[in-house]
Amino acid sequence: MRALVEPGPELTAAQRDRWSRHLLLPEIGELGQRRLLNARVLVVGAGGLGSPALLYLAAAGVGTIGVVDDDVVETSNLQRQVLHGTADVGRAKVDSAADAVARLDPGITVVRHRERLTSASAARIVAGYDLVLDGSDTFETRYLVNDALVAAGRPWVWGAVLRFDGHVSVFDPAGATYRDLFPTAPPPGTVPGCGEAGVLGGVCAAVASVMVTEAVKLLTGAGRPLLGRVLVHDALAMTWRELPLRADPRRAGPTHLPTVTAADLLTRPGAVVVDVREPDERARGAIPGSLALPLGELLADPGALPAGPVVLHCARGSRSAEAVRAVLATGRTDVAHLEGGFAAWRAAGGPAH
Ligand SMILES: Nc1ncnc2c1ncn2[C@@H]1O[C@H](COP(=O)(O)OP(=O)(O)OP(=O)(O)O)[C@@H](O)[C@H]1O
């Protein structure tokens with residue numbers, strides 16, 4: 001997997017000492033630590049998930065950490081929001097978070113966003129960060145985070161907790177997102193929050209720990225991210241189950257899909273070209289050497305697609321976009337689609353038979 005962040009400057013002797021246990025890990029090493037120090041990560045909510053996540057992000061050496069939260073610390077938060085102490089009750093959570101991070105490592109920059117993430121502010125706030133961790137507690141905020149990052153074309157890490165249960169995943173605009181897991185919010189009042197149903201502190205820590213581990217992996221390019229998979233934690237049974245999550249190919253909305261132009265395809269052949277149009281459209285003209293796999297067949301069985309790299313095309317680009325989304329959701333990364341479809345190919349002087 002490609003690291004989300006470029007490495008920053010060489011480590012100093014003090015930094016080498018501080019993160020020596022990371023440097024021993026070949027998957028992180030000096031380069032990975034320089035990436036972490038150069039990274040900008042936003043945590044939405046300094047609550048049950050955000051509190052342990054912020055501490056572990058800071059300890060890991062994530063150089064710039066943004067915190068967005070408009071709330072103040074309450075006594076009932078302290079049972080799980082371990083970033084805040086008794087003396088912080090009544091203080092803004094972002095201020096308490098910044099102080100806790102400074103105690104851990106004054107070299108980490110904390111950006112305080114003491115405000116509500118809204119549809120008006122979400123795009124502006126997330127724009128300044130390489131990666132977002134969503135530790136919010138409402139469907140409304142999760143959809144806001146989802147839509148802002150889909151529009152920005154960037155992955156994010158999501159977690160949720162209630163009672164003894166936790167959920168965690170990594171979403172990506174090119175694959176499955178929160179809207180594939182919850183296409184619509186449940187009616188108000190049908191799903192209780194931690195304030196009504198309770199939550200165990202250790203469950204918050206467990207889920208936040210997975211969130212930070214995924215963040216470190218994404219930032220440094222280590223391992224296989226939790227993309228297209230949702231971990232479901234049941235602390236009473238002490239189980240972690242993994243559920244596959246696929247992008248709904250009918251999902252509308254802005255996405256940044258891998259795309260090639262007709263000019264690219266003409267000058268750099270080499271890819272297997274797959275035509276997802278119907279046989280009658282193909283009969284009227286097709287790209288020489290292309291294979292036929294109508295969209296319906298491909299959606300029913302994405303495994304029918306030949307080995308890549310593959311460029312999918314349709315008449316103008318919308319069916320091929322749907323096809324690419326479905327194939328990416330299976331975990332394949334070697335697919336793209338032809339911008340503007342067969343029409344663009346002909347307009348660029350591409351041959352047909
Ligand atoms: N849109 C948003 N903008 C800013 N902060 C948000 C937004 N949505 C949620 N949050 C913050 O996310 C945090 C979620 O934390 P948590 O789930 O532990 O709930 P809590 O509100 O702190 O506690 P409780 O539900 O027990 O009262 C809260 O601090 C909340 O203020």
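Whatever order the structure lists them in is the order used to number ligands and atoms, beginning at 1. Both backbone and side-chain heavy atoms feed into the values below; hydrogens, waters and symmetry mates do not.
Using modelled atom types, no side-chain atom of Thr141 and backbone atom of Thr138 make a donor-acceptor pair closer than 3.5 Å. Without hydrogens or angle criteria, Arg16 side chain to Leu11 main chain gives a donor-acceptor distance under 3.5 Å.
Pairs of residues two or more places apart, or lying in two chains, never qualify as side-chain hydrogen bond (donor to acceptor under 3.5 Å, both in side chains) while including a residue from residues 342-353.
Taking Phe139 as the reference, Phe182 meet the ring pair (Phe, Tyr, Trp, His ring centres under 6.0 Å) condition, with sequence neighbours excluded.
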Please list every donor-acceptor pair under 3.5 Å in which a side-chain atom of residues 296-305 meets a protein atom from a residue at least two apart or in another chain.
unit_1: Asp301; atom_1: OD1; unit_2: Gly303; atom_2: N; d: 3.2

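Taking each heavy atom of Ala97 and Leu54 in turn, the nearest pair found is CB-CD1, 4.1 Å.
If you look at ligand 1, the protein residues with a non-hydrogen atom under 4.0 Å away are Gly45, Gly47, Gly48, Val68, Asp69, Asp70, Asp71, Asn77, Arg80, Gln81, Lys93, Glu115, Arg116, Leu117, Gly135, Ser136, Asp137, Thr141, Gly195.
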